[in-house]
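One structure below.
Only heavy atoms go into these numbers, but all of them, side chains included; no hydrogens, no water, no symmetry mates.
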Amino acid sequence: GSDDNTLKLWSIPSLKCVSTLNGHTGGVWCSEFDGSIVVSGSTDRSLRVWEVKNGECLHVLDGHTSTVRCVSLHGSIVVSGSRDTSIRIWSVKTGKCEHILNGHSAAVRCVKYNGEFVVSGGYDWTVKVWCPKTAECLHTLQGHSNRVYSLEFDGEHIITGSLDTIIKVIFYMLMLSMVMLFIRLGVGCKDR
């Protein structure tokens, strides 16, 4: 993506541009590719779903009220984060917004979706873990002392990078197990 409002598809073997996708009316600041489709996010506040083989725009996803800063594509679902502080979950097949996740108090800068959880990082210095089916924030992870700019999530670990110059590795599934153990002990439940 580029500030010239286009998205270019490149051939790795030939190192040549094979297609230029036109349609956004603002800079293209994020994109995600799965082999057959590309999803792009823009300063024009929209996402676009493109078919790779012919460059056709299949859907324009409108709803954000500020720049789309990040996207994460998994199967037929794309998750977007915006400077408007919201996260949206979209169907790639229908182009419809399925859920809106609200909870960040500043721009959402990075987002990952693995099919089970959405993880987001923001300018509010937090990382949030969401259930995409219920739109519920499951956990808010604090610890950075500046904006969270990048993250990765493999289903077990969350790795975050921040303007505080610190990279954090969170063992999310271990943390979740410890929380569940604490809850069991706190209410007197016994494992069987």
Are the side chain of [X] and the backbone of [Y] linked by a donor-acceptor contact shorter than 3.5 Å?
X: Thr6; Y: Thr20; value: no
X: Arg48; Y: Gly23; value: yes
X: Ser19; Y: Gly55; value: no
X: Ser82; Y: Thr67; value: yes
X: Ser162; Y: Arg147; value: yes
X: Thr85; Y: Ala107; value: no
X: Asn102; Y: Ser86; value: no

Atom [atom1] in [X], atom [atom2] in [Y]: separation rounded to 0.5 Å?
X: Phe153; Y: Phe117; atom1: CZ; atom2: CZ; answer: 6.0 Å
X: Asp124; Y: Asn146; atom1: CG; atom2: CG; answer: 11.5 Å
X: Asp154; Y: Ile159; atom1: CG; atom2: CD1; answer: 7.0 Å
X: Asn5; Y: Thr25; atom1: CG; atom2: OG1; answer: 6.5 Å
X: Lys53; Y: Ser36; atom1: NZ; atom2: OG; answer: 9.0 Å
X: Lys112; Y: Ser120; atom1: NZ; atom2: OG; answer: 12.5 Å

Got a sec: does the CG of Leu58 have more than 12 other heavy atoms crowding it under 6.0 Å?
-> yes
Applied to residues 46-89, the ring pair (Phe, Tyr, Trp, His ring centres under 6.0 Å) test, sequence neighbours excluded, yields His74-Tyr113
Qualifying ring pair (Phe, Tyr, Trp, His ring centres under 6.0 Å) pairs, either residue in residues 19-40, two or more places apart = none
Are [X] and [Y] joined in one hydrophobic group, where the rule is that I, L, V, M, F, W and Y side chains link up if heavy atoms are under 4.5 Å apart?
X: Val18; Y: Leu21; result: yes
X: Val28; Y: Ile37; result: no
X: Val79; Y: Trp90; result: no
X: Val108; Y: Ile89; result: yes
X: Ile158; Y: Val148; result: yes

Assess whether side-chain contact (heavy atoms from CB on, under 4.5 Å) is satisfied between Val49 and Leu47, documenting all intermediate values.
-> CA-CA 7 Å; Val49 179; Leu47 291 89; 6.0 Å; no
Closest approach of [X] and [Y], non-hydrogen atoms and distance?
X: Gly26; Y: Asp44; result: N-CB, 3.7 Å
X: Ser76; Y: Lys93; result: CB-CE, 3.8 Å
X: Ile77; Y: Ser91; result: CD1-CA, 4.4 Å
X: Ser80; Y: Val71; result: CB-CG1, 4.2 Å
X: His99; Y: Ala135; result: ND1-CB, 4.1 Å
X: Gly155; Y: Asn114; result: CA-ND2, 3.4 Å

Leu163, Thr126, Asp164 screened by side-chain contact (heavy atoms from CB on, under 4.5 Å) with His144, the one that passes = Asp164
Take Leu73 and Val92 through the side-chain contact (heavy atoms from CB on, under 4.5 Å) test and state the conclusion after the steps.
-> CA-CA 9 Å; Leu73 179 62; Val92 171; 3.7 Å; yes
Any non-hydrogen side-chain atom of [X] less than 4.5 Å from a side-chain atom of [Y]?
X: Val68; Y: Cys30; value: yes
X: Leu141; Y: Ile170; value: yes
X: Trp130; Y: Ile87; value: yes
X: Arg45; Y: Asp84; value: no

What do the steps show when you test Val118 against Val129 for side-chain contact (heavy atoms from CB on, under 4.5 Å), and what is the final call?
-> CA-CA 6 Å; Val118 172; Val129 181; over 6 Å; no
Using only heavy-atom distances, determine whether the side chains of Lys128 and Thr140 contain a donor-acceptor pair under 3.5 Å.
-> yes
Starting from the C-alpha separation in whole Å, work towards a yes-or-no answer on side-chain contact (heavy atoms from CB on, under 4.5 Å) for Tyr123 and Arg109.
-> CA-CA 7 Å; Tyr123 284 7; Arg109 181 62 174 86; 3.7 Å; yes
